[in-house]
Amino acid sequence: MSANSEIVRRLTVGDIAKLHGDGRRIAMLTAYDYPTAKLLDEAGSLSFLVGDSLGRAMLGYENEIPVSMADMLHHTAAVTRGAKHALVVATCRS
């Protein structure tokens, strides 16, 4: 580590709840991949959602039904690698 690097801590649900309690508005942005998460995290976004809508948006499915848990884990892991500070939440109907 260089002398000016700092350790970045990922936000927790408790951190988000405290910010909400303090009256701060919190946006949850959708991210499906590493570069999007990295860019948005560096811009200061606080939370990301990885949803099964990735079936339509990223995988070319007609609907969300074919999205597997393996698909969700793959994309959630990529988003988590890109987001060093933001809270990452994943949701899937599968």
Side-chain angles (χ1 to χ4, degrees):
M1 286 176 128
S2 66
N4 61 356
S5 16
E6 60 184 66
I7 296 173
V8 177
R9 183 180 71 82
R10 184 174 310 279
L11 289 173
T12 65
V13 173
D15 295 328
I16 298 292
K18 182 171 181 348
L19 291 169
H20 176 71
D22 292 343
R24 179 147 177 203
R25 289 178 174 244
I26 302 160
M28 180 170 279
L29 303 176
T30 300
Y32 301 121
D33 56 23
Y34 172 85
T36 302
K38 184 172 174 32
L39 181 69
L40 294 174
D41 192 71
E42 289 173 356
S45 298
L46 299 180
S47 59
F48 301 132
L49 173 68
V50 183
D52 58 3
S53 57
L54 73 90
R56 290 178 192 248
M58 299 297 287
L59 303 177
Y61 295 140
E62 191 170 310
N63 56 46
E64 291 79 10
I65 294 170
V67 177
S68 68
M69 188 55 69
D71 294 330
M72 291 301 300
L73 291 171
H74 175 82
H75 285 269
T76 302
V79 170
T80 301
R81 285 190 299 272
K84 301 300 182 198
H85 180 67
L87 173 70
V88 178
V89 176
T91 180
C92 180
R93 287 174 259 207
S94 296

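Just so you know, residue 1 is the first one in the sequence shown, and it goes up from there. These values consider heavy atoms only, across backbone and side chains, with no hydrogens, waters or symmetry-generated copies.
A donor-acceptor pair is defined here as one N or O able to donate and one able to accept, closer than 3.5 Å; such a pair exists between the side chain of Arg10 and the backbone of Thr80. Side-chain atoms of Arg9 do not come within 3.5 Å of backbone N or O of His85 as any donor-acceptor pair.
Rounded to the nearest 0.5 Å, atoms OH (Tyr32) and OG1 (Thr76) are 11.0 Å apart. Separation of atoms CG (Leu40) and CG (Leu46) is listed at 11.5 Å; rounding is to 0.5 Å. In this structure, Leu19 CG and Ile26 CD1 are separated by 5.0 Å, a value rounded to the nearest 0.5 Å. With values rounded to the nearest 0.5 angstrom, Leu49 atom CG is found 7.0 Å from Thr91 atom OG1. In this structure, the separation between CG on Asn63 and OG on Ser53 is 12.0 Å, given to the nearest 0.5 Å.
Of all heavy-atom pairs between Ser47 and Met28, the closest is OG-CA, 3.4 Å. Minimum interatomic distance between Val67 and Gly55 (heavy atoms only, all atoms of both residues): CG2-CA, 3.4 Å. What you find for Ala37 and Ala83 is that their closest heavy atoms are CB-N, 4.0 Å. In terms of heavy atoms, Ala86 sits closest to Ser45 at CB-O, 3.5 Å.
Met58 is not listed as a side-chain neighbour of Asp71, based on a closest heavy-atom distance of 4.5 Å or more. Looking only at side-chain heavy atoms (C-beta outward), Ile16 and His20 stay at 4.5 Å or farther from each other. Contact check for Leu87 versus Asp15: no side-chain heavy atoms found under the 4.5 Å cut-off.
When each of His75, His74, Glu64 is paired with Leu54, the side-chain contact (heavy atoms from CB on, under 4.5 Å) condition holds for His75 and for no other.
Val89 and Leu11 fall within the same hydrophobic cluster, defined by Ile, Leu, Val, Met, Phe, Trp and Tyr side-chain heavy atoms under 4.5 Å apart, directly or through other members. Placement of Val50 and Leu73 within a single hydrophobic cluster is found when ILVMFWY residues are connected by side-chain heavy-atom separations under 4.5 Å, directly or transitively.
Between Lys84 and Asp41 there is no salt bridge, since no side-chain N of the basic residue sits under 4.0 Å from a carboxylate O of the acidic one.
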